[in-house]
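This is a predicted model, so every value here is computed, not measured. Reminder, nothing fancy here: chain letters follow the sequence lines and each chain counts from 1.
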Amino acid sequence: MANNIQAIRGMHDILPERSPVWQWLEDRVRAVLEGYGYREIRTPLVEVTDLFKRSIGEVTDIVEKEMYNVEERGGEGLSLRPEGTASCVRAAIEHGLLAQAQRLWYRGPMFRRERPQRGRYRQFHQVGVEVLGIAGPDIDLEVILLTRRFWQVLGLGELRLEINSLGDSHERARYREALVMHLQAHHDQLDADSHRRLLTNPLRVLDSKNPDMQPVVASAPSLRDFLGAASRTHFDAICAGLDEAGIAYSINPRLVRGLDYYNRTVFEWITDALGAQGTVCAGGRYDTLVEQLGGRATPAVGFAMGLERLIELIDAREADALAAPDAYLVAVGERAQARALLIAEDLRDRMPTLRLVCHCGGGSFKSQFKKADRSGARVALVLGEDELARGMIGIKPLRANSEQQVVSIDALAPHLAAAI
RNA sequence: GCGGACGUAGCUCAGUUGGUAGAGCACCUGGUUGUGGCCUAGGUGGUCGUGGGUUCGAUCCCCAUCGUUCGCCCCA
């Protein structure tokens with residue numbers, strides 16, 4: 001291990017043993033998104049640093065200390081994307097997508113130079129959705145319904161939904177002032193983190209996990225009291241919709257956001273199974289972002305979910321079973337091995353969807369059968385020198401206790417089709 | 001970024017009050033078996049994360065470093 005190069009901190013390989021779950025997750029998620037008419041958008045992993053400064057916010061941790069910046073000779077600063085929304089909006093503006101409403105989704109790796117922990121990695125993967133150009137609360141609701149369907153399809157229980165409204169930017173600004181005043185009045189009761197947050201993101205103080213902070217937090221003014229009629233109506237409509245759809249949720253007035261661009265609706269799906277990194281999916285409305293990035297004012301809602309966190313909640317058995325090959329071709333003896341490759345090719349020609357592993361590299365019947373078992377294949381095709389001499393090949397069900405069937409090599413395909 | 005824990009074969013771990021290490025699973029070979037699944041005999045495989053220090057001698061002590069992990073911070 002001494003001089004070996006290893007993957008860098010917080011960035012991990014997904015090994016073949018694990019990839020079936022990833023593929024299963026990605027396939028199912030994609031199927032749901034297509035079922036709602038969302039279309040995939042793929043954007044570069046690298047963007048001009050300024051894009052993230054202007055969208056996420058200059059004073060956020062992400063921008064201040066967690067971005068991977070890359071140098072380009074004589075050019076402007078570039079960064080590995082720490083999230084997906086900014087790129088989507090940039091692309092939508094750049095290519096005139098905003099002429100009509102857009103339901104977009106994306107997936108891929110994101111990069112944040114944080115201290116790694118379970119559920120928090122320096123390269124991690126998100127699937128996200130961005131709906132651009134629809135203002136009403138019905139689309140907020142659709143997006144939440146969509147996420148609930150994810151959990152149904154993925155077999156996840158035990159996720160709870162928390163929602164809140166941040167109001168529009170004016171309401172939020174007024175609240176922020178009131179909150180800062182309150183916090184300053186109790187300055188001596190704040191812990192070090194909260195002192196810092198007072199300057200950077202005062203709303204975050206409400207989120208404090210320090211029990212000593214609870215009195216100050218509890219006596220703070222409530223954001224809800226600062227919402228205007230329009231914001232309230234919007235929020236109430238969503239709550240009513242959730243009720244009708246039978247989605248349990250709790251309104252968490254302290255649910256705020258680390259990213260600057262959110263307004264009105266914010267929501268999070270949370271699990272207790274992952275310790276400190278329990279938020280599996282989070283999103284909300286960001287009606288001012290498009291304009292902020294130079295596009296014409298366009299309402300927007302979206303969310304992102306962390307795939308590593310979801311993977312931890314998924315039972316991998318079904319995925320592993322789906323990933324197994326249909327058949328495993330066992331061939332013992334030099335001539336049989338050489339012939340096996342050709343037989344396998346012929347089968348793949350005749351059965352385009354067949355998943356067939358042809359054993360290579362020799363070995364005894366015993367060792368080859370062992371591998372066939374491991375592969376999860378339903379049947380083994382058995383080709384020994386004696387079978388080969390007679391132009392025959394064996395079809396033997398694995399796992400089940402049934403008899404080997406010996407058929408002519410020329411007539412193998414239909415027999416194999418019947419056996420799997 | 002802050003504080004704590006951990007780092008021994010591919011995997012899960014045991015162990016040495018300091019004298020260069022073991023088990024189970026996996027892998028390879030053989031026996032038994034109706035050519036694999038059970039059972040059984042044997043074998044390969046580790047400079048005990050890395051670098052330095054203390055010591056006659058360190059995997060076990062000390063320091064540093066890298067990595068993982070728990071909480072904080074942050075967030076998906």
How far, in whole Å, is [M] from [N] if one measures between their [atom1] atoms?
{"N": "B:C60", "M": "B:G22", "atom1": "C1'", "answer": "15 Å"}
{"N": "B:C61", "M": "B:A5", "atom1": "P", "answer": "13 Å"}
{"N": "B:U44", "M": "B:C6", "atom1": "C1'", "answer": "30 Å"}
{"N": "B:G36", "M": "B:G51", "atom1": "C1'", "answer": "48 Å"}
{"N": "B:G7", "M": "B:G31", "atom1": "P", "answer": "42 Å"}
{"N": "B:A9", "M": "B:A14", "atom1": "C1'", "answer": "13 Å"}
{"N": "B:U68", "M": "B:C11", "atom1": "P", "answer": "15 Å"}
{"N": "B:G15", "M": "B:U50", "atom1": "C1'", "answer": "22 Å"}

Is [X] touching bases, backbone alone, or none of the nucleic acid, heavy atoms closer than 4.0 Å?
{"X": "A:K371", "result": "sugar-phosphate"}
{"X": "A:K370", "result": "sugar-phosphate"}
{"X": "A:R112", "result": "base"}
{"X": "A:E66", "result": "sugar-phosphate"}

Figure out the [atom1]/[atom2] separation between [X] and [N], and round it to whole Å.
{"X": "A:Q368", "N": "B:C28", "atom1": "CD", "atom2": "P", "answer": "11 Å"}
{"X": "A:Q404", "N": "B:G37", "atom1": "CD", "atom2": "P", "answer": "15 Å"}
{"X": "A:R196", "N": "B:C2", "atom1": "CZ", "atom2": "P", "answer": "13 Å"}
{"X": "A:L15", "N": "B:G10", "atom1": "CG", "atom2": "C1'", "answer": "11 Å"}
{"X": "A:H195", "N": "B:G1", "atom1": "NE2", "atom2": "C1'", "answer": "19 Å"}
{"X": "A:R204", "N": "B:C73", "atom1": "CZ", "atom2": "P", "answer": "9 Å"}

Look at the rings of A:Y38 and A:Y36 and say which category their plane angle falls in: under 30° parallel, 30 to 60° tilted, over 60° perpendicular.
-> perpendicular
Going by the angle between their ring planes, with limits at 30° and 60°, are A:W151 and A:W269 parallel, tilted or perpendicular?
-> perpendicular
Examine the side chains of [X] and [Y] and answer whether a donor and an acceptor come within less than 3.5 Å of each other.
{"X": "A:E308", "Y": "A:H125", "value": "yes"}
{"X": "A:N210", "Y": "A:D191", "value": "yes"}
{"X": "A:E130", "Y": "A:T85", "value": "yes"}
{"X": "A:Y121", "Y": "A:H12", "value": "no"}

Hunt down the Watson-Crick or G-U wobble partner of B:C25, both distances under 3.5 Å, from any strand shown, or write none.
-> B:G10
Check whether more than 12 heavy atoms from other residues, nucleotides or ligands sit under 6.0 Å from atom CD of A:Q152, and answer yes or no.
-> yes
Does atom CZ of A:R30 have more than 12 heavy-atom neighbours from other groups under 6.0 Å away?
-> no
Among the candidates B:U29, B:C73, B:G1, find the nucleotide nearest to the side-chain atoms of A:S367.
-> B:U29
By nearest nucleotide on RNA chain B, pick out whichever of A:S208 and A:G394 is the more 5' one.
-> A:G394
Less than 4.0 Å between a side-chain N and a carboxylate O, is that true for A:R112 and A:D61?
-> no
Mind running a 4.0 Å heavy-atom check of residues 377-388 of chain A against RNA chain B and sending the residues that fall below it, in number order?
-> A:V382, A:E387
Strand contacts (RNA chain B) in residues 123-132 of chain A, 4.0 angstrom heavy-atom criterion | A:F124, A:Q126
Any side-chain N or O of A:R197 less than 4.0 Å from the OP1 or OP2 oxygen of B:C74?
-> yes
Among A:V217, A:L223, A:V216, whose side-chain contact (heavy atoms from CB on, under 4.5 Å) with A:L206 holds?
-> A:V217
Side chain to side chain contact (heavy atoms under 4.5 Å, CB included) between A:R115 and A:R120: does it pass, once the steps are laid out?
-> CA-CA 8 Å; A:R115 178 149 172 180; A:R120 184 171 80 180; 3.8 Å; yes
Within the sub-3.5 Å range, which N or O atoms of nucleotides 63-72 of chain B have a protein N or O partner, and how far apart are they?
residue: B:U68; atom: OP1; partner: A:G10; partner atom: N; Å: 3.0
residue: B:U68; atom: OP2; partner: A:R9; partner atom: NH1; Å: 3.3
residue: B:C70; atom: OP2; partner: A:R118; partner atom: N; Å: 2.9
residue: B:G71; atom: OP1; partner: A:A276; partner atom: N; Å: 3.4
residue: B:G71; atom: OP2; partner: A:Q117; partner atom: NE2; Å: 3.4
residue: B:C72; atom: N4; partner: A:Q117; partner atom: OE1; Å: 3.4
residue: B:C72; atom: N4; partner: A:R120; partner atom: NH2; Å: 3.1

What do the steps show when you test A:E171 against A:S231 for side-chain hydrogen bond (donor to acceptor under 3.5 Å, both in side chains), and what is the final call?
-> CA-CA 9 Å; A:E171 292 154 8; A:S231 289; 2.8 Å; yes
Check against side-chain hydrogen bond (donor to acceptor under 3.5 Å, both in side chains), A:N263 and A:D287 = CA-CA 7 Å; A:N263 67 306; A:D287 292 328; 3.2 Å; yes
Does a distance-only test, which skips hydrogens and angles, find a donor-acceptor pair under 3.5 Å between the side chain of A:D373 and the base of B:G37?
-> no
Side-chain donor/acceptor of A:K396 to base of B:G34, under 3.5 Å = no
